[in-house]
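First listed ligand is number 1; within each ligand, the first listed atom is number 1.
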Amino acid sequence: MLYNILNHSHSGLRWVLILVFILSLTGLYRVAFANKKCYSAVKRLGLITLITVHLQLIIGLILYFISPLVIFSSSSMKDSVLRFYLVEHISLMVIAIVLITVGYSLSKKAEDEIKGFRKQFWYYLIGFLLIIVSIPWPFRNLGAAWF
Ligand code: HEM
Ligand code: HEM
């Protein structure tokens with residue numbers, strides 16, 4: 001029951017995350033490189049992205065210990081699906097989430113706001129690309145669905 005709720009939330013939240021990422025990357029690009037002045041909207045989008053990514057981290061961490069696809073055994077390494085959920089998905093996603101948190105934090109602390117937005121743009125972009133390549137898209141045959 002709990003597993004089902006969390007699994008569906010985790011799966012559905014990916015789409016929310018992709019949408020807020022596209023919005024915040026577009027906004028960051030506009031303030032960082034195109035002289036647009038919509039700072040407060042971009043800051044809010046950056047924060048919404050950070051919160052969504054942290055929420056995904058919490059749900060993912062719980063799933064990690066209750067999912068039937070995560071089996072703590074050395075033989076899991078020989079199976080590409082079990083290895084994906086035991087090692088690949090969690091490690092790349094955690095790296096991506098750390099990059100996003102650092103990018104947010106550097107931007108918040110920056111004295112020059114434009115320089116802060118530039119850094120945040122690059123950290124968010126790399127984090128976003130890592131997330132996209134680490135999602136178990138159905139065409140990768142990892143037993144996951146589109147939604
Ligand atoms: C394992 C779980 C989590 C970890 C390790 C974590 C880690 C962090 C870290 C290190 C920061 C500091 C960023 C900074 O320097 O400003 C932060 C900020 C934040 N996180 Fe999380 N977080 C987690 C879960 C969550 C959850 C579940 C939410 C909400 C749904 C959340 C919302 C936020 C918010 C709102 C901020 C502050 C943004 C600000 O400074 O304005 N986090 N988190
Ligand atoms: C932004 C980050 C993340 C995204 C976008 C994401 C996305 C996804 C998606 C789309 C699935 C497939 C769900 C399905 O259709 O069955 C999945 C499965 C899973 N994720 Fe994540 N994930 C993220 C981060 C994490 C993290 C940090 C962890 C662990 C700490 C984690 C643990 C898991 C586990 C254990 C499963 C397998 C669940 C199952 O099917 O039993 N995820 N993730």
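With hydrogens and angles disregarded, a donor-acceptor distance shorter than 3.5 Å links the side chain of Arg14 to the backbone of Ser11. In this structure, the side chain of Glu88 does not engage the main chain of Arg83 through any donor-acceptor pair within 3.5 Å. Checking side-chain atoms of Ser107 against main-chain N and O of Gly103 turns up no donor-acceptor pair under 3.5 Å. Of the possible polar contacts, one joining the His89 side chain to the Ser134 backbone as a donor-acceptor pair under 3.5 Å is found. In terms of modelled atom types and a separation under 3.5 Å, the side chain of Thr26 and the main chain of Ile22 share a donor-acceptor contact. Looking at His10, its side chain never comes within 3.5 Å of a backbone N or O of Leu6 through a donor-acceptor pair.
At the shortest separation from atom 33 (C) of ligand 2 among protein heavy atoms lies His89 CD2, 3.4 Å. The protein non-hydrogen atom at the shortest distance from atom 14 (C) of ligand 1 is Ser105 OG, 3.5 Å. Among all protein heavy atoms, the one lying closest to atom 37 (C) of ligand 1 is Leu50 CD2, 4.2 Å. In this structure, the protein non-hydrogen atom closest to atom 11 (C) of ligand 2 is Pro136 CG, 3.4 Å. Residue, atom and distance of the protein heavy atom nearest to atom 3 (C) of ligand 1 are Leu57 CD2, 4.0 Å. Looking at atom 41 (O) of ligand 1, its nearest protein heavy atom turns out to be Tyr104 OH, 2.8 Å. Here the heavy atom of the protein found nearest to atom 29 (C) of ligand 1 is Ile51 CG2, 3.8 Å. From the protein, the heavy atom lying nearest to atom 4 (C) of ligand 2 is Met93 CE, 3.4 Å. Atom 36 (C) of ligand 2 has its closest protein heavy atom at Tyr85 CD2, 3.6 Å. In terms of protein heavy-atom proximity, atom 27 (C) of ligand 1 is nearest to Ile58 CG1, 3.4 Å. Ranking protein heavy atoms by distance to atom 1 (C) of ligand 2, first place goes to Leu17 CD2, 3.4 Å.
Nearest approach of Gln120 to Gly46, heavy atoms of both residues: NE2-CA, 4.0 Å. Of all heavy-atom pairs between Ala145 and Pro138, the closest is C-CG, 3.6 Å.
Neither the backbone nor the side chain of Leu13 has a heavy atom within less than 4.0 Å of ligand 2. Contact annotation: for Asn7 versus ligand 2, heavy atoms closer than 4.0 Å belong to the side chain alone. Residue contacts with ligand 2, taken as heavy atom pairs separated by less than 4.0 Å, involve Leu61 via backbone and side-chain atoms alike. Within the 4.0 Å heavy-atom criterion, the part of Tyr3 lying near ligand 2 is the side chain and not the backbone.
For ligand 2, none of its N or O atoms has an N or O atom of Tyr64 under 3.5 Å away. When only interatomic distances are considered, the shortest N/O to N/O separation between Thr101 and ligand 1 does not fall below 3.5 Å. An N or O contact shorter than 3.5 Å is missing between Gln56 and ligand 2 by distance. By the 3.5 Å distance cut-off applied to N or O atoms, Ala145 is counted among the residues near ligand 2.
Within a 6.0 Å radius of CZ in Arg140, other residues, nucleotides and ligands contribute more than 12 heavy atoms.
The atom of His54 that is an N, O or S and sits closest to atom 21 (Fe) of ligand 1 is ND1.
The closest heavy-atom contact to atom 43 (N) of ligand 2, among the options His10, Arg14, His8, comes from His10.
Using bins of under 30°, 30° to 60° and over 60° for the plane-to-plane angle, the ring pair Phe139/Trp146 lands in the tilted bin. The aromatic rings of Tyr64 and Phe72 sit perpendicular to each other, their planes meeting at more than 60°, with 30° as the lower class boundary.
Aromatic rings from Phe33 and Phe117 are positioned such that their centres are separated by 6.0 Å or more.
A salt bridge does not link Glu113 with Arg118: every distance from a Lys NZ or Arg NE/NH1/NH2 to an Asp or Glu carboxylate oxygen is 4.0 Å or more.
Contact atoms of ligand 1 toward Leu55: 30 (C) (distance under 4.0 Å to a heavy atom of the residue). Here is the list of ligand 2 atoms found below 4.0 Å of a heavy atom in Val70: 35 (C).
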